[in-house]
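Because only heavy atoms are used, hydrogens play no part in the values below, and waters and symmetry mates are left out as well, while side chains stay in. Lettering of chains follows the sequences in order, A, B, ..., and the numbering in each one begins at 1.
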Amino acid sequence: MRLAYTLILPTLLIVMAIVLLPLLANFWISFKPVELGDLRAPTILFNERIRPTPKVVGDTAEISYRLRNTSKRGVYADGRLVDTFPSGLTVSGTLDSRCTLAGNNLTCDLGTFEPMQRETLTISVIATDAYFDNPINPRDSKPVINGVGDSILTNSVFSLDNYRKVFSGSEFWKVLRVSLYYTIFGTLGAIVFGLFAAQLLNTTFPGRGVVRGFFLFPYVAPVIAVAFAWVLILDAGPGGTLNAILMKIGATDGPINFLGRRATPISIFGLTFEFPVALTTVISFEVWRYFPLSFLFILARMQSVSSDTYEAAEMDGASPLQQFRYISLPQLAGILAVIFLLRFIWTFNKFDDIFLLTGGAAGTRTLTVDIYEQAFAVSNLGAGAAVAVVVFFVLLISALFIFRFSPEDDG
Amino acid sequence: MRLGNTFFIALAIGALWGIIYNVVFSILAMLISGDTIVPDIGISMVSGAVGAGIYVLGPGHSGGRYRGWHWAAVSGAAALIAFVLLGKFAAASMVAENMAFLTALVTFAMAAASWHLCLDGMDSGSQGRYQLEVILIRVLKGVGFVFFSIVVALPFYVMVMTSLKSQQSLLSNPLDLSIDFSKSLSEHLRSYIELFTKYRFGQFLLNSAIVSVATVIITLLFAIPGAYAVSRLRFPGKNVLSKSILLIYMVPAIVLVIPLYAVFSQLGLRNTLLGLIVVYPATTIPVAVYMFQGYFRGLPYELEEAGLMDGLSRIGTIIKITLPLSLPAIASVSLYIFMIAWNEFLFAFMFLDDPAIFTLSRGVQSLNSSEIPRQHLMAGAVIATVPVLVLFLWFEKFLVAGLTAGSVKG
């Protein structure tokens, strides 16, 4: 038993650290009014100088420290400046009340810096012989500033603003609806085409292995490569291959903006409805890229169905379509259900594909793209995390659903 | 000679194949030659119907077999003649050019082969439901093959061909995806040469290789012991653990990005390859554990028992017995994980800012700007694709096994 834990502990720890902790951190961040810029903790930026430069013994000058809290929103507390005071300079007049000078050590308690607060600390000095014997520029010794930079990420300020922002307005529900369309049609499309492709390869012919490998290309190739290739093909500009073809053969008058057009009115039987162009394109890409997966699963399952059943059906006079309907489909029902559930979740999770094709424009913004947009395009990390929490719950529900209904042996 | 429903179905099939191949090969000819070759739907439809009609009326049984390929060739030739005559009749320019004629030739050669495969063994009389469904399924399969081949090949074709073009030839005719043999090899490969000399693609390639190989090694080191424990040993919490592996596997990367971005920024891990080498294995380990645990369960436990009886320690058993038996699974998992790491885009995109440490995904993405010509972008895409496709074709058997076992993830 100790061995078991020793074997599994490293695995658990790394998964905890990189997967589970971030999940929890998401909840935390989603209650924080935190922006991208807040990731840099408040620090004090300083500039030290001596003016005018002492020329002869007895010259007076001023050493000044100009200090600034760089953060726009974070407080810098208990700021304390420590610097080496150049020997050969003596303080004239009274030292700033916040500072003490012990030997060559200058210490100043600066207290709290509000966000963006500027502060200037001035010390009047007189130059003595020692200064010119051994000239030391005060700037040669860098001051050390200690203090506590308050980070919004770690303090105890919480708010529901992010959730309010996410759920208010119609935007969220639109995004959710697009997500569901994308997920449902993308999943179903991939399964239907996968089933079709699997039927094609469920017979033996020379070169079958090659064709099978070829059909897997869309899935195996890097998303970045195939997405950009499709963007080039579907481009509405002069270089777009598909539009150039369509226009050459006279199928359309002008270019169709497959990835940039939100909707186009289509009327069937006098009923006009808005056909979402870009969303359909993005869904088609999803189907194109992931049909190989369902194809692979379905083909593997079909090859394990014994041919006896089909032979018996043949003897009884069942037609090919009947054989498909009454023998193949029932045999495949289990695996189809499993593929549907798993692909449903993974399509829902998909980010790269849409992001690379449209960037979420023209009515293709799904929840996952919304996370990115909120967190990094609008640079509101908190709002992004709030959307991520919503996504997480949708997934949790789906996962529970899977565990309840999926047969154990398949998949 | 009987004229039943099959005769009319044959006409429809001929028309269908005539149209499909005419459109397909006209466009292909356009892409290959750069000339404008407009498909003619009406004429190809009629010619196809004529050819298939002649085919199905052809000689019946001969030595127990129906019409062979030679008869298909005759019907195809008839269709081609019909096409040329009708084309002359309609618009002389259509068949005037060699390329257009070549297109027509290929069109009806393929169409004849297709209707031969669809109608083989059928005569022109009436057929029952069974035979009609057989024909229907043959047609569907044929259309399916054509459809899938085009749809799968098109982006790769466009990608490779565009990457070989020069800027001005792309601007003058975007459809001209031909190879100009009068140019030298280095002119064709100019985009690639520039990517490797000016855009540091050699470095990106190396970075991607480092990250992917490191991910595979780390994943194996963590996942094999973990999977062994879950599948072979008994300990409290085992069931929960083995179930939650699948759950973790469902957590999308985009949900992890915000916290990891925040934390890695603070730790200074964000803009480093090390950061990726930490994150990638963590996201692939659950998949690997899931795959290995399935494989380990399938191994006969008796072998390990025998090892234990002979005095090997548990660790010794794993190293001397289980691992050698699992080599196929290790190969599958490694290839699958390598593919995931190589293709990964999101974390590379979010984490890497410094061009010196870009991976290929991030590097190709950085080429996507209006200032960089698109043949460079496509060349970058080819560079990113080739290694993973070569690996895939080389080890197809293992990778397919890996995909089937683990590809509930995507």
Side-chain angles (χ1 to χ4, degrees), chain A residues 1 3-5 7-8 10-11 14-15 18-19 22 25-26 29 39 153 196-197 200 213-215 217-218 220-226 228-230 232-233 238-239 241 244-245 248-249 288 290 293 296 300 319-321 342 345-346 349 351-352 368 371 375 381 384-385 388 391-392 395 399, chain B residues 27 36 38-39 129-130 133-134 137 141 144-145 148 151-152 155 158-159 162 170 174-175 222 225-226 228-229 233 235 247-248 250-252 254-256 258-260 262 265 279 282 285-286 314 339 343 345-346 361 364-365 368 374 377 381 384-385 388-389 392-393 396 403-404 407-408 410:
Chain A
M1 197 171 98
L3 180 73
Y5 284 123
L7 287 178
I8 203 147
T11 307
I14 188 168
V15 171
I18 304 293
V19 180
N26 245 331
I29 297 174
L39 287 185
L153 268 180
F196 189 15
L200 296 182
F214 171 65
F215 278 10
F217 274 20
V220 178
V223 59
I224 187 107
V226 289
F228 283 139
W230 276 111
L232 177 65
I233 293 172
T241 320
I245 291 175
K248 272 262 168 71
I249 66 175
W288 178 81
Y290 294 101
L293 268 191
L296 205 59
S319 73
L321 286 181
L342 292 174
I345 290 183
W346 274 102
N349 286 348
F351 166 80
D352 317 10
T368 47
I371 296 178
L381 279 186
V391 169
F392 177 72
L395 287 173
Chain B
I27 291 171
T36 305
V38 179
R129 173 179 172 183
Y130 186 93
E133 283 188 9
V134 168
I137 283 175
K141 282 194 172 177
F145 268 116
F148 279 111
V151 157
V152 171
V158 170
M159 192 155 82
T162 308
L170 268 182
L175 273 189
F222 280 88
Y228 187 85
L233 306 174
F235 58 94
L247 266 181
I248 286 169
M250 311 257 146
V251 176
I254 186 79
V255 168
L256 305 180
I258 294 176
L260 287 179
S265 295
V279 173
I285 284 172
R314 183 60 90 159
M339 191 193 88
N343 292 352
F345 165 70
L346 178 59
S361 285
V364 174
Q365 203 273 339
N368 183 28
R374 67 174 83 215
L377 177 63
T385 310
V388 78
L389 275 195
F392 166 68
L393 291 175
E396 192 190 326
L403 284 173
T404 348
S407 57
V408 280

Which portion of A/Phe351 sits near chain B, non-hydrogen atoms under 4.5 angstrom:
side chain
Test side chain to side chain contact (heavy atoms under 4.5 Å, CB included) on B/Val251 and A/Leu395; report intermediate values, then the result.
CA-CA 8 Å; B/Val251 176; A/Leu395 287 173; over 6 Å; no
Looking at B/Ile254, B/Leu389, B/Val134, B/Leu346, which has the largest count of heavy-atom pairs under 4.5 Å with chain A?
B/Ile254
How about B/Leu393 and A/Phe214: do any of their side-chain heavy atoms sit closer than 4.5 Å?
no
Which of the residues A/Val391, A/Leu232, A/Thr368 is involved in the greatest number of heavy-atom pairs with chain B at under 4.5 angstrom?
A/Leu232
In terms of heavy-atom pairs under 4.5 Å with chain B, which of A/Val15, A/Val226, A/Val220 leads?
A/Val220
Smallest separation among heavy atoms of B/Met159 and A/Ala229, with atom names
SD-CB, 4.0 Å
Distance, nearest 0.5 Å, that separates CD1 of A/Ile224 from CG of B/Asn343:
10.0 Å
What part of B/Leu377 gets closer than 4.5 Å to chain A, counting heavy atoms only: side chain, backbone, both or neither?
side chain
Approximate separation, where rounding is to 0.5 Å, of B/Gln365 CD and A/Phe228 CZ:
5.5 Å
Are the side chain of A/Thr11 and the backbone of B/Phe222 linked by a donor-acceptor contact shorter than 3.5 Å?
yes
Ignoring hydrogens, what is the shortest heavy-atom contact between A/Trp288 and B/Val152? Give both atom names and the distance.
NE1-CA, 3.8 Å
Rounded to the nearest 0.5 Å, how far apart are CD1 of A/Ile14 and CD1 of B/Ile285?
4.5 Å
Report which part of B/Tyr130 has an atom under 4.5 Å of a heavy atom belonging to chain A: side chain, backbone, both, or neither.
both
When heavy-atom pairs shorter than 4.5 Å are enumerated against chain A, which of B/Thr162, B/Val279, B/Asn368 gives the highest number?
B/Asn368
Taking A/Trp230 for the side chain and B/Pro155 for the main chain, is one N or O donor matched with an acceptor at less than 3.5 Å?
no
Say you draw a straight line from CD1 of A/Ile8 to OH of B/Tyr228; how long is it, rounded to the nearest 0.5 Å?
13.0 Å
Mind telling me whether B/Phe145 and A/Phe215 have parallel, tilted or perpendicular rings, with 30° and 60° as the class edges?
tilted
Within this structure, what is the CD1-CD1 distance for the pair B/Ile27 and A/Ile245, rounded to the nearest 0.5 Å?
5.0 Å
Could you give the distance from CG (A/Leu200) to CZ (B/Phe148), rounded to the nearest 0.5 Å?
6.0 Å
With a 4.5 angstrom heavy-atom cut-off, could you sort out which part of A/Ile233 is near chain B: side chain, backbone, both or neither?
side chain
Quick check: closest heavy atoms across B/Val388 and A/Pro222, and the distance to 0.1 Å?
CG1-CD, 3.7 Å
Tell me, out of A/Pro10, A/Pro22, A/Pro320, who's got the most heavy-atom pairs with chain B below 4.5 Å.
A/Pro320
Compare every heavy atom of B/Ala282 with every heavy atom of A/Val19, then report the nearest pair and how far apart it is.
CG2-O, 4.0 Å
Name the option with the most non-hydrogen atom pairs under 4.5 Å to chain A; the candidates are B/Pro252, B/Gly144, B/Ala381.
B/Pro252
